[in-house]
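Working notes for the structure below.
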Amino acid sequence: MKALFFIVTGRENPERFSLALTIAARSAMNKRYDDLKVIFYGPGEEYLTSITGQDLENFNYLLKNGHVDSACVNYASMKNLKDQLLKIGINLQPTGERLAHFVNQGYEVITF
């Protein structure tokens, strides 16, 4: 099974954001899925620019190992986040297109 972690939660619920990163990273480390990808969207991509500690370690693991697909270019532009997201290594793409791509490839979407 292939899984797509769609992380929308942000600053309004930092615990839920942390849980999403933790389960994504541990799932990747333990190879629980045939493939695992992560998309950050909206408040999730905005909050991503300020994470530290274990959240940052989990994000960096996911990024370094090819599990982070993208964050939304349109939201990043609207919120003036493009430079910050590019600096941390996030690929910016239209989320609607990326989501459709993964659904059409048979990924199960898990939303946080």
Side-chain angles (χ1 to χ4, degrees):
M1 178 201 218
K2 300 180 285 187
L4 171 66
F5 283 64
F6 189 54
I7 302 178
V8 180
T9 300
R11 185 169 280 113
E12 77 285 356
N13 194 339
E15 183 176 20
R16 185 174 181 160
F17 182 92
S18 291
L19 291 170
L21 280 181
T22 299
I23 195 169
R26 289 185 182 163
S27 292
M29 288 173 196
N30 292 299
K31 300 178 181 10
R32 293 177 181 152
Y33 301 101
D34 297 328
D35 191 30
L36 183 146
K37 295 294 183 193
V38 180
I39 293 177
F40 295 92
Y41 182 61
E45 68 188 278
E46 188 169 4
Y47 188 55
L48 184 60
T49 63
S50 64
I51 61 173
T52 60
Q54 189 62 51
D55 287 344
L56 185 58
E57 287 181 35
N58 286 334
F59 169 76
N60 285 331
Y61 175 85
L62 291 164
L63 184 67
K64 183 178 90 176
N65 289 283
H67 298 290
V68 175
D69 179 72
S70 59
C72 184
V73 65
N74 297 314
Y75 187 88
S77 294
M78 181 179 70
K79 293 290 190 168
N80 201 25
L81 300 169
K82 284 176 76 172
D83 290 341
Q84 290 172 281
L85 291 168
L86 291 169
K87 185 177 179 180
I88 61 174
I90 294 282
N91 183 23
L92 298 176
Q93 298 289 324
T95 292
E97 290 179 21
R98 298 308 296 155
L99 192 56
H101 166 78
F102 287 109
V103 168
N104 289 330
Q105 295 298 314
Y107 283 71
E108 189 71 34
V109 180
I110 303 168
T111 305
F112 288 91

Q: Please name the pair of heavy atoms, one in I88 and one in F59, separated by the smallest distance, quoted to 0.1 Å.
A: O-CE2, 4.0 Å
Q | Contact check, side chains of F102 and K37, non-hydrogen atoms, under 4.5 Å | A | yes
Q | side chain to side chain donor-acceptor pair (under 3.5 Å) against R11, all qualifying residues, sequence neighbours excluded | A | S50
Q) How far does NZ of K82 sit from CG of N74, to the nearest 0.5 angstrom? A) 9.0 Å
Q.
How long is the straight-line distance from CG of N65 back to CG of N60, given to the nearest 0.5 Å?
A. 10.5 Å
Q. What do the steps show when you test R98 against T95 for side chain to side chain contact (heavy atoms under 4.5 Å, CB included), and what is the final call?
A. CA-CA 5 Å; R98 298 308 296 155; T95 292; 5.6 Å; no
Q. Side chain to side chain donor-acceptor pair (under 3.5 Å) with Y61: which residues, sequence neighbours excluded?
A. none
Validation: residues 19-30 side-chain donor-acceptor distances under 3.5 Å, sequence neighbours left out:
unit_1 : atom_1 : unit_2 : atom_2 : d
T22    : OG1    : S18    : O      : 2.8
T22    : OG1    : N58    : ND2    : 3.4
S27    : OG     : I23    : O      : 2.7
S27    : OG     : R32    : NH1    : 3.3
N30    : ND2    : R26    : O      : 2.9

Q | N91: side chain to side chain donor-acceptor pair (under 3.5 Å) partners, not counting sequence neighbours | A | Q93
(Q) Restricting to non-hydrogen atoms, name the atom on L36 and the atom on H67 that form the minimum distance, rounded to 0.1 Å. (A) O-ND1, 2.9 Å
Q. Side-chain heavy atoms under 4.5 angstrom apart, residues restricted to Ile, Leu, Val, Met, Phe, Trp, Tyr: same cluster for F6 and I51?
A. no
Q | hydrophobic_cluster_shared for L92 and L99, side chain cutoff 4.5 Å | A | no
Q) Just wondering, are more than 12 heavy atoms of other shown residues or ligands nearer than 6.0 Å to CD in E15? A) no
**Q.** Minimal non-hydrogen separation, V73 against P94, with atom names
**A.** CG1-N, 3.7 Å
**Q.** Same apolar cluster: V8 and F17, side chain cutoff 4.5 Å
**A.** no
Q) Do you know which two heavy atoms are closest between I90 and L86, and how far apart they sit? A) O-CD2, 3.5 Å
Show me, pair by pair, the donor-acceptor contacts under 3.5 angstrom made by side chains of residues 103-112, not counting sequence neighbours?
unit_1 : atom_1 : unit_2 : atom_2 : d
N104   : ND2    : A100   : O      : 3.1
Y107   : OH     : D35    : OD2    : 2.3

Report all side-chain donor-acceptor pairs from residues 38-48 shorter than 3.5 Å, counting only partners two or more places apart or in another chain.
unit_1 : atom_1 : unit_2 : atom_2 : d
E45    : OE1    : C72    : N      : 3.4
E45    : OE2    : G42    : N      : 3.0
E45    : OE2    : C72    : N      : 3.3
E46    : OE1    : Y75    : OH     : 3.0

